[in-house]
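Single-structure report; data block below.
Residue numbers begin at 1 in each chain, while the letters A, B, ... track the order of the sequences.
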Amino acid sequence: MQKYDPHEIELRWQAVWERTGASIVREGPPEDNGSAAPRYYALEMFPYPSGDVHMGHVRNYSIGDVISRYKRMCGFEVLHPIGWDSFGLPAENAAIKQSSTPATWTYANIERQRASLKRLGFSYDWDRAVITSDVDYYRWGQWIFLKFWEMGLVERRSSPVNWCPSCLTVLANEQVVGENQCWRCKSTLERKDLEQWYFRITSYAQELLDDLELLKGVWPERVRQMQANWIGRSTGAEVDFVLCDAAGEPTDETITVFTTRPDTLFGCTFFLLAPEHPLVRNLVAGTPYEGEVKRVIEAAASQSAVERSKGERTKNGAFTGRFVINPINGEKVPVWISDYVLMDYGTGAVMAVPSGDERDFEFARAFGLPIPPVVVAPDDPLFATLEGVRERRVDDVPWSEAFAGAGIMVQSGPFTGLAGGKDSAGAQAVIDALAQQGVGRATVNFRLRDWLISRQRYWGNPIPVIYCEQCGIVPVPVESLPVVLPMDIDVVRNETLASRADFLNVECPVCGRPARRETDTMDTFTCSSWYYLRYTDPHNDELPFAREAVDAWMPVDQYIGGIEHAILHLLYSRFFTKALRDAGLLSFGEPFSRLLAQGMVKLEGEVMSKSKGNVVAPEDMIAAYGADALRVFILFMAPPDKDVDWEEKGLAGIYRFLVRVWRMVHDLVGAACEDTFFEKGVGENAASAPAAAAAIAASAPALTPAAQEACALVLRERHRVVGKVTEDIERFNFNTAIAAIMELANATGDYLRLASPPSRMADETRHAFDLEVAEVLVKLLAPMAPHFSEELWQGLLGHDTSVHTQAWPDFDPDLAQSQTVEIAVQVNGKVRAHINIASDTSDEKLRAAALAAVAAQIAERPVRKVVVVPGKLVSVVI
RNA sequence: GCCCGGGUGGCGGAAUGGCAGACGCGGAGGUCUCAAAAACCUUUGUCGAAAGACGUGUGGGUUCGACUCCCACCCCGGGCACCA
């Protein structure tokens, strides 16, 4: 028997698969060498070419490869592509460090990763590889930018933005992590006012939220929750307050607030503006209040967002000297400013209801403002004294904190007695009343902000825009695309796109005068927001993708990737898909039908990272155990969505398992080899299941009773395990699928030990049975250990087509059943006996047998009840 | 504070309301060997000599029967957070 040599086998089969194009998708009608099979699109998040492939990649891509190979064996035409998300800042940093260029570094890493992925035997259609820094790809990103421009989804505006002082660029809100830190380098961010380019993702806020419902059950719940959270929809009302002049007389001006609690409007005793609110300086200019107001404004401005959100939240504030009129009751309330009011949410103005809002409550206590209760819980002692009070009398509450829950409205004029709370009947009644007078309206507010896509970096997709002194901001005409990124910018000497005259200077496409290009590039997340569409039509040089191609394959049937993209990439991709649908380029609204968020691979509880020096390199593991063992092990460690801790001893265990199966399959086949039977050809003799069952009975005399029993078990296991593995792969429980294969191997091992070759070779049918067991084992392992299985399938079993093109094994549940079953007998819920009994025993006989088995325990006590669970147990109650 | 996810042997983890701990790692003992490694066999939740008792974060409940369902709570991980 040949020794199991993973390296020799793996390299040899990888070469064969590459030569025969084993993973190339066959498209088009069958007569043109295409496929009539149903399509399946399996996709893993493409890597950033930061260096070597790491264990996280191995896990991600092993999962995707099992699904792809399994689906192919089930008869699907599978699209399983890969590519590289190759623009981005790390390339610039690495180039500086190595005195190279971002392009050199990036493309060298891509080649390294490509070699590693091939070494792992992943079944990608390499002809479709998409590299986002290739002009053939990013030109279509520019094309989509222009399409979005046409649709009004692109906007240039000045706003406060997050600036990373280390990466020297602005970031999108989604790229701010933890306590105001850069998602990539973890530096604390600064706030700047800059004019930047935005994609209007907020136009899709409602649909992005609504469609999360479609993803229920097929996307992980936590991802759906995170996105819903991030979009942050609040229902409520806008209310217009009339501003009074310095003398306290009403003016024509109104200030609008957003509130989720219009039912508490009667409890509004003051009004707040954000320190940055554009009205504030005018309101206080030249008044005695100016000094104090300015002090609060400056204090707020000097505080970083971290300081503002951290620690004690003491409320700073100042009275402006002005008043506004509460439209619901005509009361004049004072206008204050406070740093807890945010300019970029709602309208930057707030109606303060201290009895119903924790922050307003604190502020009122700090500055001695009244706190009249307007919504009170019926079980609050206060309720009895206020029930039915329509006019305000009690102007303070004996509470230590605000009451923000649902209750009954009091001291609220005509609304008194209605249910109060978020989205309550009372809230609706107040909105209706305000709407009737034209001073308020129902509205919805989102937390989601527009997507800031400008990056002040070189290594990215150029924003196709030209600035002309005459014509202003002009998009690059679509026929002038692509705007080619110079590949040789010298980042080592601080060269930038702006310092390159041949890039910067351009003719205005409208008036022809000298103009200059935009030198910012797009956020790399714009590149990864549609790459999965390009895979369906990767060589199209007229469009990003043809509609027929994209509609044929999309949406992705199964997407697999890390949880770190729960919001970023997955939200942006959903937005792109919806926008491209509205552009008429495709006909679906959600890109990923199913999502699997795989867990991380850690070492001693820590995230592996080069900087920590705690990295386990996949290539070291391949060198020691082979790619197949590594793939099987990483799937076996835990269910795919859980974090796992790397444990090399477990990998050694899987290697032992493969060696064991290797020997076992040789043993099953090798016995046959010595027999003339083998000469008829192994392939045609795999037994049908009923034939095998007959064989066990017919050839029984040749085997010892123990061997017969072991053999019968192998037959049952062969059917049970195929069923179990099929079900487990469908549910992505690869760990239990592998465990089940081990159980089949264990049963087979016992059979081989007990049935020594001479007796086992007593007849032909038994050989056929042996061969079938061998073939089933090999097929079950094929998606996970593709080279190992291919070698056994073609090299040993003698087939001349790939195991990966074979039909997935079927199974007969009836043959998985044993003739006899062990039934547990419980007395008062405790197992007291076991009985072995024919599996087709009637319930009555089973009941009688069970009662006999526990007669001692029952003794003289009367039996009150007997529950019979066929095939499982009998429960006796005495 | 709000919203998710999760607590099972020494470890990773299995279990449609039906014998908790499948499968693997690790441990112990053995076979083979001059010896070692490899391989193979037996064993391995805790207490107990055994019979047996106890055991899935805690406390209740439903049920003939609960890791699983219901209620309350504790702990761990993650996301959001002065969002009106």
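- Among residue pairs with one or both ends in residues 732-743 of chain A, those qualifying as salt bridge (Lys or Arg N to Asp or Glu O under 4.0 Å) are A:R720-A:E743; sequence neighbours excluded.
- Using a 4.0 Å heavy-atom criterion, one finds that A:V350 contacts the bases of the nucleic acid, with or without backbone contacts as well.
- Scanning for salt bridge (charged side-chain N to carboxylate O under 4.0 Å, His left out) contacts around A:E564 gives an empty result, with sequence neighbours left out.
- Near RNA chain B, meaning a heavy atom under 4.0 Å from it, residues 651-659 of chain A has A:G653, A:R656 in order of number.
- Qualifying side chain to side chain donor-acceptor pair (under 3.5 Å) partners for A:R716, counting only residues two or more places apart in sequence or in other chains: none.
- Under 4.0 angstrom from either OP1 or OP2 of B:rA14 there lies at least one side-chain N or O belonging to A:N735.
- When the side chain to side chain donor-acceptor pair (under 3.5 Å) test is applied to A:T841, no partner is found at least two apart in sequence or on another chain.
- Considering only residues two or more places apart in sequence or on other chains, A:S159 meets the side chain to side chain donor-acceptor pair (under 3.5 Å) condition with none of them.
- Only A:E221, A:R222, listed by number, bring a heavy atom of residues 217-224 of chain A to less than 4.0 angstrom from any atom of RNA chain B.
- Here A:V863 pairs with A:L851, A:I858, A:V866, A:V876, A:I878 under the side chain to side chain contact (heavy atoms under 4.5 Å, CB included) rule; sequence neighbours left out.
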Measure all distances between protein nitrogen or oxygen atoms and nitrogen or oxygen atoms of nucleotides 16-19 of chain B, and list the pairs falling under 3.5 Å.
| residue | atom | partner | partner atom | Å |
| --- | --- | --- | --- | --- |
| B:rG18 | N2 | A:Q826 | OE1 | 3.3 |
| B:rC19 | O2 | A:H834 | NE2 | 2.4 |
| B:rC19 | N3 | A:H834 | NE2 | 3.2 |
| B:rC19 | N4 | A:E822 | O | 3.4 |
| B:rC19 | N4 | A:E822 | OE1 | 3.3 |

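- Pair assignment for B:rC2: B:rG79, on the basis of Watson-Crick or G-U wobble contacts that are both within less than 3.5 Å.
- Identified under the salt bridge (Lys or Arg N to Asp or Glu O under 4.0 Å) test for residues 596-609 of chain A, with sequence neighbours left out: A:K602-A:D643, A:E606-A:K612.
- Under the rule for a ring-ring contact (aromatic ring centres under 6.0 Å, His included), the partners of A:H569 that lie at least two apart in sequence or sit in another chain are A:Y559, A:H565.
- Listed by chain and residue number, A:N746 satisfy the side chain to side chain donor-acceptor pair (under 3.5 Å) test with A:R660 (two or more places apart in sequence, or in another chain).
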